[in-house]
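The structure appears below as structure tokens.
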Amino acid sequence: MFKQALWAGTILLVLGCRITTVNINVVYAVINGVILDDSIFAPNVCAKFWTPKIPDSIIQKYLNGDKQFVHEQLCVSRGSILDTGRVFFYWKKKHTITKSSIDQNCAGYNEIEITYPVFSKDLKTAVIGFNSVDGGFIAVCILTNKKWTLVRKYYSWIY
């Protein structure tokens, strides 16, 4: 049905005849942008990307109502995992940006779960979810001046 291939730092998402390309650096820029913008303490992160449940209202408002494009991204992102050494958080006690530990078993009590970012067709808006034992939220980010900025949070359990 679909394939996922890595080529020169870009993930090629193939579904039928349609191909969506998302540079893997953009994926991690969104993840780290939200973690740092929102001061999420993320020393431990689950390696498995979760599939978000994005409400239709968010798809309409932020992703130009393109449900097919969103669906394609959700389908091809299933089974993706986080790369070690690519997720960072700000550690207030140490006053430094630190690499998160990636848990391959996703068995930790205090770890953060992250959804694979879903992008608008122009790749200037992204929707991503974060979850922990404290609850979760869906974040809407926009690309401004080559930086991903958190513009809206919707609190809830996301999966």
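Side chains included, hydrogens not; waters and symmetry mates left out as well; all remaining heavy atoms used.
Put simply, Ile35 and Tyr28 are part of the same group of oily side chains (I, L, V, M, F, W, Y) that touch within less than 4.5 Å, one to the next. Hydrophobic clustering, with ILVMFWY side chains joined whenever heavy atoms are under 4.5 angstrom apart, keeps Leu150 apart from Val127. Note on Val45 and Trp91: same hydrophobic cluster, where clusters join Ile, Leu, Val, Met, Phe, Trp and Tyr whose side-chain heavy atoms are under 4.5 Å apart, directly or indirectly. Val26 and Ile24 fall within the same hydrophobic cluster, where Ile, Leu, Val, Met, Phe, Trp and Tyr residues are linked whenever their side-chain heavy atoms come under 4.5 Å apart, directly or through other members.
No side-chain N or O of Asn32 forms a donor-acceptor pair with one of Arg86 less than 3.5 Å apart. Tyr90 and Lys92 share no side-chain donor-acceptor pair at under 3.5 Å.
With Ser100 contributing its side chain and Ala42 its backbone, the two residues share a donor-acceptor pair below 3.5 Å.
When all heavy atoms of Val118 and Ile54 are compared, the closest pair comes out as CG2-CD1, 3.7 Å.
Here Asn44 contributes atom CG and Phe89 contributes atom CZ; the two are 8.0 Å apart, rounded to the nearest 0.5 Å.
For NZ of Lys61, the number of neighbouring non-hydrogen atoms (other residues, nucleotides, ligands) closer than 6.0 Å is 12 at most.
Relative ring orientation between Tyr154 and Tyr62 is described as perpendicular, the plane-to-plane angle rising above 60° on a 0-90° scale split at 30° and 60°.
Considering only heavy atoms from C-beta on, Leu143 stays 4.5 Å or farther from Leu123 through its side chain. Looking only at side-chain heavy atoms (C-beta outward), Ile128 and Trp148 stay at 4.5 Å or farther from each other. Contact check for Asn105 versus Glu111: no side-chain heavy atoms found under the 4.5 Å cut-off.
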**Prompt:** Are Lys153 and Asp37 close enough, and set up right, to give a side chain to side chain contact (heavy atoms under 4.5 Å, CB included), and what steps lead you there?
**Reply:** CA-CA 12 Å; Lys153 285 172 62 174; Asp37 264 4; over 6 Å; no

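Between Tyr116 and Trp50, the ring centre distance reaches or exceeds 6.0 Å.
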